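Structure first, commentary second.
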Amino acid sequence: NYGRNNYQFYSRELGSKASEYIMLGASIRQALKNAEFELFYQPQVDLMSGSIVGAEALLRWRNPQLGVVMPDRFIKVAEESGLIVEIGEWVLREACNALVSLNNNRGEQSPLSMAVNLSSRQFLYNDLLASVKQILAETGCKPEWLKLEITESLLLEDSQEIINTLSAFKEMGITISIDDFCTGYSAMSYLGQFPISQVKIDRSFVRDIAAKQDKLELITAIIRIAHALRLELVAEGVESKQQANLLKIQGCTIAQGYFFGKPMRLRHLELILADGQNL
Ligand code: C2E
Ligand code: CA
Ligand code: CA
Ligand code: CA
């Protein structure tokens, strides 16, 4: 019987998804206690000078049973269980500590910035402003060094409370950056109304710019829009020298991607910086 087989298929499928979910949820709760999370840092490079100007903190989970779990596999579960609030605070504290230590070693050089990813849930279920202030005070991290990455979907919430929080961050000197710019709902026309200072061009727009003229024109248009809105630009997913050159020619100032460096341990980033190596 076709219907019955179908039912069995679905229930088995749902069953395994649900149990994976429950399993992951329970493990994530343990992971915080057992210190299984780790941050990797991916350099951000000034395209003009070629020097490292900052890094993005990217979360990794090293579990004895599961091995290294990438964020795309567990962030959603963490969001749905609410655990992302606690994880997000850990990430912020860890990233700020790393940043303070990096900048303490820089002497006369201009300080690095650190980009930290925020989930919408952190805005909705928590006094995010208070916890950011607390973490800055605790770690000695300057607000000017910090960049908070949000997604376009957060702006879609269209909530005065969220806008107030973002405005307060901006007044403190924190940069608010739109991650995966232009991939979600196109909020472009009213982007200027939000307290945003930076956009990150998603790597899907960067991928084929060296091979396809229409892709190059598309990214050129996006760069123009960002300039018109007086937004600083970061290009993500830059994997080749040609891509880096094209972006520079089009007026993009900062780039991030495997061409410059993969996400790496703090120790590794420190070594590169100590070398004074221009990527
Ligand atoms: P994202 O914020 O868009 O981060 C960029 C992702 O692209 C990272 O994947 C990075 O490793 C990868 N990437 C960087 N350069 C290149 C490149 O040249 N080529 C290719 N193919 N990929 C590149 P990752 O680390 O697996 O993170 C995936 C997503 O997980 C992130 O996307 C972000 O949305 C989320 N995430 C990571 N860490 C956190 C966190 O601490 N909190 C929250 N809420 N989300 C996080
Ligand atoms: Ca990001
Ligand atoms: Ca991104
Ligand atoms: Ca992404």
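Quick caveat: nothing in here was measured; it's all calculated off a predicted structure.
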Test applied, side chain to side chain contact (heavy atoms under 4.5 Å, CB included); reference residue, Ser120; option that passes from Leu156, Ile150, Thr151: Thr151

I want to check something: taking the side chain as every heavy atom from C-beta on, are Leu39 and Leu59 in contact at a cut-off of under 4.5 Å? yes

State, with a plain yes or no, whether a side-chain heavy atom of Gln109 is found less than 4.5 Å away from one of Leu273. no

Is the CD atom of Glu161 crowded by more than 12 outside heavy atoms at less than 6.0 Å? no

Test your reading of the model: is there a side-chain donor-acceptor pair from Arg203 to the backbone of Arg207, 3.5 Å cut-off? no

Of all heavy-atom pairs linking Tyr41 and Ala98, the shortest is OH-CB, 3.4 Å

Could you pull out the closest heavy-atom pair between Asn63 and Ser27, with the gap in Å? ND2-CB, 4.5 Å

Go through it in stages, so that I can follow the logic: the residues are Lys215 and Phe205, the test is side chain to side chain contact (heavy atoms under 4.5 Å, CB included), and I'd like the CA-CA distance, side-chain angles, deciding distance and then a yes or no. CA-CA 7 Å; Lys215 300 293 176 188; Phe205 294 106; over 6 Å; no

Could you tell me whether the side chain of Ser101 and the main chain of Asn97 form a donor-acceptor pair under 3.5 Å? no

Note, Leu129 side chain near Met172 side chain (heavy atom, < 4.5 Å): yes

Can you find a side-chain donor-acceptor pair between Glu239 and Gln243 that sits under 3.5 Å? no

Here's a test for you: under side-chain hydrogen bond (donor to acceptor under 3.5 Å, both in side chains), which of Gln198, Lys147, Glu56, Glu232 qualifies with Ser177? Gln198

Between Arg62 and Glu36, does at least one N-O distance fall below 4.0 Å, as a salt bridge requires? no

Counting only heavy atoms not in Arg224 (residues, nucleotides, ligands), do more than 12 fall under 6.0 Å from its CZ? no

Please say which of Ile52, Val234, Leu112 ends up in a side chain to side chain contact (heavy atoms under 4.5 Å, CB included) with Gln44. Val234

Locate the shortest heavy-atom distance separating Val69 from Arg73; write the atom from each residue and the value. CG1-CB, 3.9 Å

Beyond-backbone contact of Asn117 with Val91, side-chain heavy atoms, under 4.5 angstrom: no

In terms of the angle between their ring planes, are Phe74 and Phe37 parallel, tilted or perpendicular, with boundaries placed at 30° and 60°? tilted

Check Asn103, Leu136, Ile135 against Cys141 for a side chain to side chain contact (heavy atoms under 4.5 Å, CB included) and give me the one that passes. Leu136

Minimum heavy-atom distance between Gly261 and Pro43, given as atom pair plus value: O-CD, 4.0 Å

Does any non-hydrogen side-chain atom of Leu66 lie less than 4.5 Å from one of Trp61? yes

Below 4.5 Å, heavy atoms only, C-beta onward: do Ile209 and Leu247 meet side chain to side chain? yes

Any donor and acceptor pair, going by atom type alone, linking the side chain of His227 with main-chain N or O of Leu233 inside 3.5 Å? no

On a heavy-atom basis, which atom in Val199 and which in Ala226 lie closest, and how many Å separate them? CG2-CB, 4.0 Å

So do the side chains of Glu236 and Asp180 get within less than 4.5 Å of each other, counting heavy atoms only? yes

Between Glu79 and Lys76, is there a salt bridge with N-O shorter than 4.0 Å? no

Which pair of heavy atoms, one from Ala115 and one from Glu149, lies closest together, and at what distance? CB-OE2, 3.3 Å

Quick one: does Glu152's side chain have a donor or acceptor within less than 3.5 Å of a partner on Cys182's backbone? yes

Are more than 12 heavy atoms from other residues, nucleotides or ligands located less than 6.0 Å from atom CD of Glu270? yes

State, with a plain yes or no, whether a side-chain heavy atom of Leu92 is found less than 4.5 Å away from one of Leu148. yes

Report yes or no: do Trp90 and Leu83 belong to one cluster of Ile/Leu/Val/Met/Phe/Trp/Tyr joined by side chain heavy-atom distances under 4.5 Å? yes

If a pair satisfies salt bridge (Lys or Arg N to Asp or Glu O under 4.0 Å) and one of its residues is in residues 113-133, list it, with sequence neighbours excluded. none

